[in-house]
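As structure tokens, the structure follows; a few thoughts come after it.
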Amino acid sequence: MSAPSTPSTSKEKATRDSFGEAIRDLGKEFSKIVVLDADLSVSTKSILFAKEFPERFFQMGIAESNMIGTAAGLSFTGLIPFCCSFGAFVAGRYETIRVSVGYSKANVKIIGTHSGLGIGDDGYTQMGLEDINVLRGIPGMILINPSDDATTRAAVRFAVTHEGPVYLRLTRQKLPSLHQITDFQCGRGIILKEGKDLALIGTGSTVIECLKASQTLSKLNPWVIDIHTIKPIDRALIKTLARNCKHIITAEDHNVVGGLGTAVSEVLAEEGWAGKLVRLGVQDTYGESGAPDELYEKYGFSANKITQKVMSLVG
Amino acid sequence: MLDSKLPQRLSPEKLKEISRQCRIDILEMLEKAGSGHPGGSLSAIDIIMTLFFHEMKSNPSEPMWEDRDRFILSKGHGVPALYSVLAEREIIPKAELLTLRKINSRIQGHPDRVLLPVVEASTGSLGQGISIAQGIALGLKLQKKDSKVFCLMGDGETQEGQVWETALSAPKYKLNNLVVFIDNNNGQIDGHVEDVMDLRPLADKWRAFRWAVQEIDGHDFSQIIGALETARKETERPTLIVAKTVKGKGISFMENSIAWHGVSPNKEQLDRALLDLNGGFKS
Ligand SMILES: Cc1ncc(C[n+]2csc(CCOP(=O)(O)OP(=O)(O)O)c2C)c(N)n1
């Protein structure tokens with residue numbers, strides 16, 4: 001693994017945009033893809049598919065449960081439905097997902113955009129802050145929270161070809177380009193930087209925060225890891241980190257309860273790791289309105305806060 | 001004003017004057033915030049205003065006074081309209097409006113009843129406010145309180161299944177103390193309501209669910225007042241008022257424009273909008 005250069009911010013893109021373009025492009029290749037949206041196609045970017053394939057796009061109105069149930073039915077006829085809304089609203093239809101999608105092993109792909117505090121001003125009701133927590137408990141559900149354009153495109157292709165339910169968690173805000181499309185493999189974390197003693201693990205929008213923190217902390221030579229697939233979690237990689245590190249920091253734009261930090265802690269505990277884990281993220285509280293960078297700072301998982309935390313641990 | 005707690009019963013002329021000020025507040029706070037929802041705030045403002053300045057018992061010196069009437073904004077994204085009315089009614093300080101959507105503010109992007117109890121319900125996930133309004137109406141009735149509950153939904157919002165569950169249950173519990181408005185501006189995010197998911201015949205649907213249904217012009221103060229008077233006479237049925245409105249009402253370049261659903265005006269657009277209002281907004 002080569003040391004990364006300064007992360008390039010020249011090619012910034014919101015992962016919802018990457019999704020919209022990817023699903024439109026894949027629509028040509030896979031005639032069985034159908035897309036549903038609940039009056040947010042402009043925001044989820046499913047509109048790009050709708051324009052290209054109007055007969056394979058279903059506008060369901062503001063009715064997320066009905067959209068998800070309908071997607072399950074569509075999948076039973078052999079189609080590959082993607083249903084799209086904000087993560088807060090789709091995950092809010094938990095029980096429909098639990099039975100009509102999860103239990104039914106329906107081949108439904110759920111797109112949840114506007115994840116986390118990163119959406120900013122709109123405030124808590126629009127922020128997907130517990131979506132991973134809620135959906136992680138559904139057996140067979142794959143959860144992917146990509147950190148950039150390339151891995152999002154790869155994840156969308158994976159979702160199309162994988163038989164079974166997938167949840168893709170996407171951002172409203174732009175994120176810099178970090179990976180090549182071939183870096184993505186479902187269930188396998190990406191090592192951005194090999195280090196020693198200390199690991200910074202991010203997911204989605206916090207990977208870049210970890211990477212920035214690692215530059216300030218270069219003397220400590222931290223590992224930097226992108227865990228894009230929260231479920232199934234990359235056990236082997238976490239075991240490697242456990243063998244090499246005394247301190248592991250996870251950072252996520254999500255409630256620390258039931259998110260990345262929880263998933264990592266489960267593996268570490270089961271492996272009998274004796275180090276110290278710190279879970280940064282929303283500390284079991286609600287979000288609020290504000291600018292994304294202000295919120296990342298206030299809720300303690302900006303690059304700056306990650307750096308401070310590490311310094312207080314080992315400094 | 002005699003007793004500030006009693007319904008203010010302001011005349012249509014006076015209401016019109018205050019509504020102009022509310023529109024100014026809405027646009028100024030949205031410009032300052034740099035994001036938010038002007039279209040649906042401007043379509044709803046005349047109804048919300050009439051409730052607070054004509055119909056409801058409310059007490060600015062003790063906002064959570066237990067005998068107050070309640071207003072639930074089910075379409076939470078229209079909250080700039082509610083904040084402007086709360087400020088004009090002197091229930092919240094007007095200066096606070098300019099903290100809309102800023103970090104550490106009570107003036108959240110969508111109503112937050114924990115930070116700001118006077119908004120009554122935390123909404124912003126569409127379809128939930130009407131159930132909460134029903135619960136309050138039921139609770140008040142059970143405890144023999146004569147306060148009323150008013151609720152306002154978007155028309156797009158009524159595509160949510162939960163809305164129709166309340167449509168079914170409120171008549172069962174004879175909630176004549178519940179008055180629900182639908183802000184029928186025919187716009188939502190992805191387009192016009194009839195294209196996204198047609199609701200027609202909207203009023204007939206609610207009639208079939210056994211509500212007392214009225215259809216009015218939601219920008220005509222005399223009609224809003226008249227509808228509220230009729231609602232007061234209901235002895236058993238909950239009231240549903242389909243109010244025909246115009247998204248972006250009062251601002252020439254915002255009227256009936258889907259594009260102004262969820263973007264705030266910049267300084268130049270604000271100035272143009274204020275010209276419209278100062279030039280004598282005609283309802
Ligand atoms: C459950 C849920 N789904 C989606 C949204 C996103 N959303 C916010 S406003 C809106 C359109 C609302 O249309 P309408 O109710 O007609 O309101 P108005 O046109 O009066 O602003 C949507 C889909 C939401 N807030 N809640």
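A, B, ... follow the sequence lines: proteins, then strands. Residue 1 opens every chain.
Interface summary for chain B: among A63(A), G120(A), G123(A), the most heavy-atom pairs under 4.5 angstrom belong to A63(A). The candidate from A88(A), G92(A), G61(A) with the greatest count of non-hydrogen atom pairs under 4.5 Å with chain B is G61(A).
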Give each N or O donor-acceptor pair spanning chain B and chain A at a distance under 3.5 Å, with atom names and distance to 0.1 Å, or state none.
residue : atom : partner : partner atom : Å
S35(B)  : OG   : D121(A) : OD2          : 2.7
R101(B) : NH1  : D122(A) : OD1          : 3.0
R101(B) : NH2  : D122(A) : OD1          : 2.7
N104(B) : N    : E288(A) : OE1          : 2.9
N104(B) : OD1  : K298(A) : NZ           : 2.4
Q108(B) : OE1  : S289(A) : N            : 2.8
Q108(B) : OE1  : S289(A) : OG           : 3.3
G109(B) : N    : S289(A) : OG           : 2.8
H110(B) : ND1  : D122(A) : O            : 2.8
H110(B) : NE2  : Q126(A) : NE2          : 3.4
G124(B) : O    : Q126(A) : NE2          : 2.8
Q159(B) : OE1  : I62(A)  : N            : 2.8
E160(B) : N    : I62(A)  : O            : 3.1
E160(B) : OE1  : R93(A)  : NH2          : 3.3
E160(B) : OE2  : R93(A)  : NH2          : 3.4
Q188(B) : NE2  : D39(A)  : OD2          : 2.8
I189(B) : N    : D39(A)  : OD1          : 3.3
I189(B) : N    : D39(A)  : OD2          : 3.2
D190(B) : N    : D39(A)  : OD1          : 2.6
D190(B) : OD1  : S41(A)  : N            : 3.2
D190(B) : OD1  : S41(A)  : OG           : 3.1
D190(B) : OD1  : V42(A)  : N            : 3.3
D190(B) : OD2  : L40(A)  : N            : 3.2
D190(B) : OD2  : S41(A)  : N            : 2.9
D190(B) : OD2  : S41(A)  : OG           : 3.0
D190(B) : OD2  : Q59(A)  : NE2          : 2.8

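Residue contact with chain B, scored on non-hydrogen atoms closer than 4.5 Å, involves the backbone and the side chain of L40(A) alike.
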